[in-house]
Amino acid sequence: MRRLVIGMLALGLLLGVPLGGLLGGCGRPAGDQTTAGAGPPPTVDDLVRLDEQARQALARWADAVAAHGDGPRFVPIDDGFGLVGDREPEIAANFKSAVMAGQLEAAPGVLPAGDPGTGEVRWDDGSTVTLPLRSAEAALHSLTEPRRDDCGGCTPLRVTGARLVTVTTRTDRGPATVPAWEFALAGTAARITKVAVAASAAITVSPPPWDGSHRPAGLWVESAEVAADGRTVTAHFTGGRAGTGPCTSDYTARAVESELAAVIIVEEHPHAAPHPAPATMACDLAGHPRTATLTLAAPLAQRTLLQVVDGKPIPTTR
């Protein structure tokens, strides 16, 4: 196991759930959890709905950028939570329940006091920004709110100390090394981390309210790569099996753009089954790694790639 896992990966390990399960299934449209490679082609109504979701996502992003104001850009992909070390088997179940319920407690005087000042965020290309940091108390508070008491009778985890370290986290510009608070816990060698960059220094956006009766459409893009020309984007996602026969699909991608962001829309084009279909024919439920390439109308530059499903940033390598 790697020493440090950040964000969704750490959450997946903590929950014992594969990463794909945290991202909405096997990459099928969020509103259409059908068998992989067996769905119908998108209708005109489907495309109109996707375009409307994209426009709403761009509007929410414009509001988030405006609220952030001028200053260095830091766009995290994950929530900044990390797990260091392995949980001992005898405490693993309680550990998971307590963390997920925000049941973390620190006695007065345990956490470092004072303003930690600023810290450097560094990307793989060598570029850096200096950002204000939040205190250990504020970072712990972000892990404990909202606190839930319905954790199956779990025992709260007692925080015994905190120190500033650096971790690697995903951003809209690729992996970045950032300051983080590492919290030691009583009764275990495992520690938890939380990115120390002040919330006010990061550009984040909230997805629209979840409506189970009208779930969002679209495929979840797991990551994207931008070519040297700044316009050619390769989207990585999970979809139906490649091929030319029944239960296979082709995919195309396009973008709805603004001056601040571009929303990636991946469309599935399933290959038709024979008619009438054999009674024994069935498509498997497995998801397959797939890619689709699109060309932006203008170079991405400082803009951010967004999901059409919920409008959040896509992990992007430039």
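What you see below is based on every heavy atom in this structure, not just the backbone, and it leaves out hydrogens, waters and symmetry mates.
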Participant: Could you walk me through whether Glu88 and Thr188 pass the side-chain hydrogen bond (donor to acceptor under 3.5 Å, both in side chains) test, one step at a time?
Facilitator: CA-CA 7 Å; Glu88 295 80 0; Thr188 177; 2.6 Å; yes
Participant: We want to know whether Ser223 and Arg170 form a side-chain donor-acceptor pair, criterion being a heavy-atom distance below 3.5 angstrom.
Facilitator: no
Participant: So does Arg134 get a backbone contact from the side chain of Trp181, meaning a donor-acceptor N/O pair under 3.5 Å?
Facilitator: yes
Participant: Do Arg290 and Glu268 have side chains that get closer than 4.5 Å, going by heavy atoms?
Facilitator: no
Participant: With a 3.5 Å distance limit and no angle check, can you tell me whether Lys194 reaches the backbone of Asp79 through a side-chain donor-acceptor pair?
Facilitator: yes
Participant: State, yes or no, whether a side-chain contact exists between Glu137 and His141 at a heavy-atom distance under 4.5 Å.
Facilitator: no
Participant: Hey, are Thr166 and Arg122 close enough side-chain-wise for a donor-acceptor pair under 3.5 Å?
Facilitator: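 Short answer, no.
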Participant: I need the single residue from Val129, Thr177, Val178 that forms a side chain to side chain contact (heavy atoms under 4.5 Å, CB included) with Trp123. Which is it?
Facilitator: Val129
Participant: So with a 6.0 Å cut-off around CZ of Arg303, is the heavy-atom count from everything else above 12?
Facilitator: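 Yes, the 6.0 Å shell around CZ holds more than 12 heavy atoms from other groups.
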Participant: Could you tell me whether Asp150 and Arg148 have a side-chain N and a carboxylate O separated by less than 4.0 Å?
Facilitator: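 Yes, Asp150 and Arg148 are salt-bridged.
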Participant: Strictly distance-based, threshold 3.5 Å: is any side-chain N or O of His288 a donor or acceptor partner for the main-chain N or O of Ala242?
Facilitator: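 A pair under 3.5 Å: no.
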Participant: Tell me whether the count of non-hydrogen atoms from other residues, nucleotides or ligands lying under 6.0 Å of CD in Glu105 goes above 12.
Facilitator: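 Counting other residues, nucleotides and ligands, CD of Glu105 exceeds 12 neighbours.
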Participant: So which heavy atom on Ala139 is nearest to which on Phe183, and how close?
Facilitator: CB-CZ, 4.1 Å
Participant: Under 4.0 Å between a side-chain nitrogen and a carboxylate oxygen: does that hold for Asp125 and Arg318?
Facilitator: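 No salt bridge links Asp125 with Arg318.
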Participant: Give a yes or no on whether the backbone of Asn94 and the side-chain of Ser97 come within a donor-acceptor separation of less than 3.5 Å.
Facilitator: no
Participant: Are side-chain heavy atoms of Ile264 and Phe237 found at a separation under 4.5 Å?
Facilitator: no
Participant: Keeping Glu225 on the side-chain end and Thr234 on the backbone end, is there a donor-acceptor pair under 3.5 Å?
Facilitator: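 Flag not set: sc Glu225 to bb Thr234 has no pair under 3.5 Å.
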Participant: Taking Ile314's backbone N and O only, do any of them form a donor-acceptor pair with Gln307's side chain (distance below 3.5 Å, no angle check)?
Facilitator: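 No, the answer is negative, given that no donor and acceptor are paired below the 3.5 Å cut-off.
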Participant: Can you check whether Ala217's main-chain N or O pairs, donor with acceptor, with Gln53's side chain at less than 3.5 Å?
Facilitator: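 Flag set: sc Gln53 to bb Ala217 pair under 3.5 Å.
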Participant: Which atoms form the tightest heavy-atom contact between Asp310 and Pro208, and what is the distance?
Facilitator: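 Result for this residue pair: O-CD, 3.8 Å.
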